[in-house]
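Written out below as structure tokens is the structure these notes cover.
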Amino acid sequence: MREIELKFQVDNFDKIKSILDDNNEKLSEEYHQSDTIYVSDLNDTESKEGSIWLRVRKVNDKIEMNLKKQSAKKMESEEIEFEVSDYFLANKFLSALGYKEWVQVNKKRVYSKYDDVNICMDEVERLGYFIELELLIDENDEKDYESILLDYAKKLGIDTDRRINSHYDTMISELDK
């Protein structure tokens, strides 16, 4: 599977929540996510085709490990994710494999859907408010999903000029420079 994702900075979630409510779309409970991101080389964290990031994520009481491999398109990646039972051991495992802890990302997230589009409303510590629109598609599907997601953003009243082509981990890392 491939993940297609567009991200937008917003001032708050009020307008989007209202549109979702008008369309009978439900909001999830609020999740607290703490991510520890690992890379193989702390001197090469640039997002480019083939780059790999490993993540240990704590979502409330659930723990996940994740691998993202950057595709040729900026906000598109191959993703493998699975649940693990121990946060401490997951982090220790990645360190033992030689991966370096790069950055921590803490956020509050609420999920929703709009037709087939997954919506994440994120309040990211140190960064602010963001909306992510995501589609999971077949590996070989070549349809122009970026345009489709931009159309959904407009339907949700999102200012598409505030599109962000960076990941939270990169944005936080840049704050620390």
Side-chain angles (χ1 to χ4, degrees), residues 1-9 28 31-60 62-111 113 116-127 130-146 148-150 152-153 163-177:
M1 295 299 287
R2 283 185 350 212
E3 176 187 67
I4 310 296
E5 171 185 299
L6 297 186
K7 182 183 306 172
F8 304 90
Q9 189 157 29
S28 73
Y31 294 91
H32 295 263
Q33 295 182 341
S34 297
D35 296 349
T36 304
I37 312 299
Y38 289 84
V39 294
S40 60
D41 182 353
L42 291 170
N43 295 313
D44 184 16
T45 58
E46 182 184 345
S47 179
K48 58 185 180 273
E49 185 175 4
S51 296
I52 292 178
W53 296 271
L54 302 173
R55 174 181 70 205
V56 179
R57 170 175 281 170
K58 187 172 185 182
V59 183
N60 295 346
K62 185 174 142 186
I63 299 135
E64 303 168 340
M65 286 186 71
N66 173 287
L67 174 142
K68 281 194 177 190
K69 183 176 182 182
Q70 183 65 48
S71 78
K73 294 183 180 176
K74 181 72 173 164
M75 295 302 285
E76 184 176 319
S77 60
E78 176 186 346
E79 187 166 345
I80 301 169
E81 187 170 85
F82 55 94
E83 195 169 334
V84 296
S85 62
D86 189 297
Y87 184 79
F88 173 75
L89 285 176
N91 283 283
K92 189 173 179 180
F93 177 80
L94 294 178
S95 293
L97 288 174
Y99 287 90
K100 314 288 186 282
E101 184 178 323
W102 175 39
V103 70
Q104 295 267 336
V105 178
N106 296 300
K107 65 181 168 260
K108 296 176 194 168
R109 174 172 274 185
V110 174
Y111 293 98
K113 260 185 122 57
D116 292 332
V117 176
N118 295 316
I119 300 169
C120 301
M121 290 178 258
D122 295 333
E123 182 180 350
V124 184
E125 192 176 281
R126 301 177 64 200
L127 296 177
F130 298 87
I131 300 291
E132 290 184 358
L133 304 179
E134 301 175 342
L135 283 170
L136 289 176
I137 62 169
D138 185 77
E139 247 347 279
N140 301 315
D141 194 336
E142 294 300 322
K143 201 171 182 179
D144 183 8
Y145 286 101
E146 185 173 334
I148 291 168
L149 288 175
L150 283 169
Y152 274 100
R163 182 174 171 185
I164 303 295
N165 287 317
S166 187
H167 302 283
Y168 298 138
D169 48 17
T170 302
M171 295 164 67
I172 288 173
S173 175
E174 290 171 358
L175 289 176
D176 293 335
K177 288 183 179 178

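These numbers come from the heavy atoms of this one structure, side chains and all, not from hydrogens, waters or symmetry mates.
Residue Asp116 qualifies as open at atom CG: its count of foreign heavy atoms under 6.0 Å is 12 or below. Other residues, nucleotides and ligands place no more than 12 heavy atoms under 6.0 Å from the OH atom of Tyr99. Residue Lys69 qualifies as open at atom NZ: its count of foreign heavy atoms under 6.0 Å is 12 or below. No more than 12 heavy atoms of other residues, nucleotides or ligands shown are found within 6.0 angstrom of CZ on Phe93.
Between the side chain of Ser95 and the main chain of Asn91, a donor-acceptor pair closer than 3.5 Å is present.
Counting heavy atoms from C-beta outward, Leu133 and Ile119 have side chains that approach closer than 4.5 Å.
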Practice prompt. Please lay out, stage by stage, how Asp35 and Tyr168 fare under the test side chain to side chain donor-acceptor pair (under 3.5 Å).
Written response: CA-CA 10 Å; Asp35 296 349; Tyr168 298 138; over 6 Å; no

Discussion item. Checking Leu54 against Met65 for the side-chain contact (heavy atoms from CB on, under 4.5 Å) test, could you report, in this order, the C-alpha distance in whole Å, the side-chain angles of both residues, the deciding distance, and whether it holds?
Written reply: CA-CA 7 Å; Leu54 302 173; Met65 286 186 71; over 6 Å; no

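A distance of 6.5 Å separates CG of Asn118 from CG of Leu136, quoted to the nearest 0.5 Å. The structure places OG of Ser28 at 12.0 Å from NZ of Lys113, a figure rounded to the nearest 0.5 Å. Here NZ of Lys107 is found 4.0 Å from CZ of Arg57. Values are rounded to the nearest 0.5 Å. Annotation: the span from Leu150 atom CG to Leu6 atom CG amounts to 5.0 Å, rounded to 0.5 Å. Taken to the nearest 0.5 Å, the CD atom of Glu5 stands 5.0 Å off from the NZ atom of Lys68. Between Gln33 atom CD and Asn60 atom CG the span is 8.5 Å, to the nearest 0.5 Å.
Minimum heavy-atom separation, Val84 to Ala90: CG2-CB, 4.0 Å. Here the shortest heavy-atom pairing between Trp102 and Leu42 reads CA-CD2, 3.8 Å. Closest of all the heavy-atom pairs between Gln104 and Ile172 is O-CD1, 3.7 Å. What you find for Gln9 and Ile164 is that their closest heavy atoms are N-CG1, 3.8 Å. Taking all atoms of both residues into account, the shortest heavy-atom contact from Val124 to Val105 is CG1-CG1, 4.2 Å. The two atoms that bring Thr45 and Val39 nearest to each other are CG2-CG2, 4.0 Å, heavy atoms only.
When each of Lys58, Arg55, Glu101 is tested with Thr36 by the rule side-chain contact (heavy atoms from CB on, under 4.5 Å), just one qualifies, namely Glu101. The salt bridge (Lys or Arg N to Asp or Glu O under 4.0 Å) test with Arg109 is passed by exactly one of Glu132, Glu125, Glu134: Glu132.
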